[in-house]
2 protein chains.
Amino acid sequence: MEIKSRIWIEEKGKPFIGFGRINLLKEVEKTSSISAAARAMHMSYKKAWQLLDQMNKLAPEPVVIKNVGGKSGGGTQVTDYGVLLIQKFEELNTQCITFLEEEFKSWQS
Amino acid sequence: MEIKSRIWIEEKGKPFIGFGRINLLKEVEKTSSISAAARAMHMSYKKAWQLLDQMNKLAPEPVVIKNVGGKSGGGTQVTDYGVLLIQKFEELNTQCITFLEEEFKSWQS
DNA sequence: AATCGCTATATTTATGAAAACATAACGCTA
DNA sequence: TAGCGTTATGTTTTCATAAATATAGCGATT
């Protein structure tokens, strides 16, 4: 028996950040490219682009900054705010898992 | 911005109980019938039956007891173990939500 | 023994989300 | 100015899951 959980944050009832988006953000941070991140995650470029676009639209300030054309075709950078978001989310998730596992022990007895 | 969560319990890597199954169990408890519960939840009888069947198979002891034929065609009762499961799950879920909301306050500041 | 509402299960059909495919624009570089 | 890899976006196709449909069996009740 294992306790499992998922957490996410909504804005105006729409999904803002969750596991998939955070992982995508981390990959973009690593590669500075939406297409490279999508490839690495075996996700279509379109899907990745849409997720990031929605995040940007829902966020109080941009999570990524995208550049079209130019050196190496362009690229995408995660903003400081985006980096903070990753850190905060992962921290909260870890805390949640720890809490649940502790509680679940006493449930089983 | 709202923090959201889902918890569930797995057995051997397979979903054992989660929101949908708990709600179904509660409805079966109320109606003593899989078909009545399914109707109330706008779920197909087959889906409901399958969910309960899988729960029973994964559980250490039966969650529901089903009777075919007889008075009013038969029926299904939630066992004491099943009732306990509902209570425990809902309690754990409430605790999780409380915990997350508290943590999320300090995140935002 | 006929009826009734339920459990049990197989088969077919819909539906919605993801993937796949296609194409255009952009701007540095060579 | 031709080419490259990227962002940007529309359209089509697949696929997995849920819903719908169909049918059989059960057993107390009448």
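Every chain is numbered from 1, with letters handed out A, B, ... down the list of sequences.
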K.L.:
Classify A:S44 by what it touches in the nucleic acid, base, sugar-phosphate, or nothing, heavy-atom distance under 4.0 Å.
P.N.:
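Nothing, no nucleic acid heavy atom in range.
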K.L.:
Between B:G69 and A:T76, which is nearer to the 5' end of DNA chain D once each is assigned its nearest nucleotide?
P.N.:
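The residue mapped nearer the 5' terminus is A:T76.
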K.L.:
Under 4.0 angstrom, heavy atoms only, what part of the nucleic acid is A:D53 near: base, sugar-phosphate, or nothing?
P.N.:
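No contact.
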K.L.:
Looking for any heavy atom pair under 4.0 Å, which part of the strands does B:K47 touch: base, sugar-phosphate only, or nothing?
P.N.:
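Result for B:K47 = sugar-phosphate.
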K.L.:
What is the separation between atom CD on B:Q50 and atom P on C:dA10, rounded to the nearest whole Å?
P.N.:
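About 10 Å, once rounded to whole Å.
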K.L.:
Could you state the NZ-C1' distance from A:K46 to C:dA24, rounded to the nearest angstrom?
P.N.:
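My rounded result for the distance is 14 Å.
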K.L.:
Please give, in whole Å, the distance from C:dT7 P to B:K71 NZ?
P.N.:
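For the pair B:K71 NZ and C:dT7 P, the rounded distance is 15 Å.
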K.L.:
So, OP1 or OP2 of C:dT7: does either fall under 4.0 Å of a side-chain N or O from B:S35?
P.N.:
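So the side-chain polar atoms of B:S35 do come within 4.0 Å of the phosphate oxygens OP1 or OP2 of C:dT7, strictly under.
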K.L.:
For the side chain of B:V68, counting heavy atoms from C-beta on, which of C:dT9, D:dG25, D:dT7 is nearest?
P.N.:
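Output: D:dG25.
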K.L.:
How long is the span from the NZ atom in A:K88 to the CG atom in A:L92, to the nearest 0.5 Å?
P.N.:
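It is 9.5 Å, given to the nearest 0.5 Å.
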K.L.:
Take the protein atom OH of A:Y45 and the nucleotide atom C1' of C:dA24, then report the distance between them rounded to whole Å.
P.N.:
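Roughly 12 Å, once rounded to whole Å.
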K.L.:
Look at A:S72 and D:dC4 and indicate whether a side-chain polar atom (N or O) is within less than 4.0 Å of OP1 or OP2.
P.N.:
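No, because none of the side-chain N or O atoms of A:S72 sits under 4.0 Å from OP1 or OP2 of D:dC4.
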K.L.:
How long is the line joining CE of B:M41 and P of D:dA18, in whole Å?
P.N.:
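My rounded result for the distance is 13 Å.
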K.L.:
Would you mind reading off the distance between A:H42 atom NE2 and C:dA20 atom C1', rounded to a whole angstrom?
P.N.:
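Spelled out: NE2 on A:H42 to C1' on C:dA20 is 16 Å.
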K.L.:
To the nearest Å, give me how far apart CG (B:L51) and P (C:dA8) are.
P.N.:
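Those two atoms, CG and P, are 14 Å apart.
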K.L.:
If the threshold is 4.0 Å, N to carboxylate O, is there a salt bridge linking B:E2 and B:K4?
P.N.:
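Salt bridge: yes.
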K.L.:
Determine whether A:I65 and A:Y45 fall in the same hydrophobic cluster, where Ile, Leu, Val, Met, Phe, Trp and Tyr are linked whenever their side-chain heavy atoms lie under 4.5 Å apart.
P.N.:
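Shared cluster, no.
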K.L.:
Under the ring pair (Phe, Tyr, Trp, His ring centres under 6.0 Å) rule, collect the residues that match up with B:F99, sequence neighbours excluded.
P.N.:
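Ring pair (Phe, Tyr, Trp, His ring centres under 6.0 Å) check on B:F99 returns A:F99.
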K.L.:
From B:L51 CG over to B:N23 CG, what is the distance, rounded to the nearest 0.5 angstrom?
P.N.:
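It comes to 11.5 Å.
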K.L.:
Counting only side-chain nitrogens and oxygens, does A:W49 get under 4.0 Å of the OP1 or OP2 atom of D:dA8?
P.N.:
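So the side-chain polar atoms of A:W49 do come within 4.0 Å of the phosphate oxygens OP1 or OP2 of D:dA8, strictly under.
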K.L.:
Output the rounded distance in Å from CG (A:N67) to P (D:dT6).
P.N.:
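The answer, rounded to whole Å, is 13 Å.
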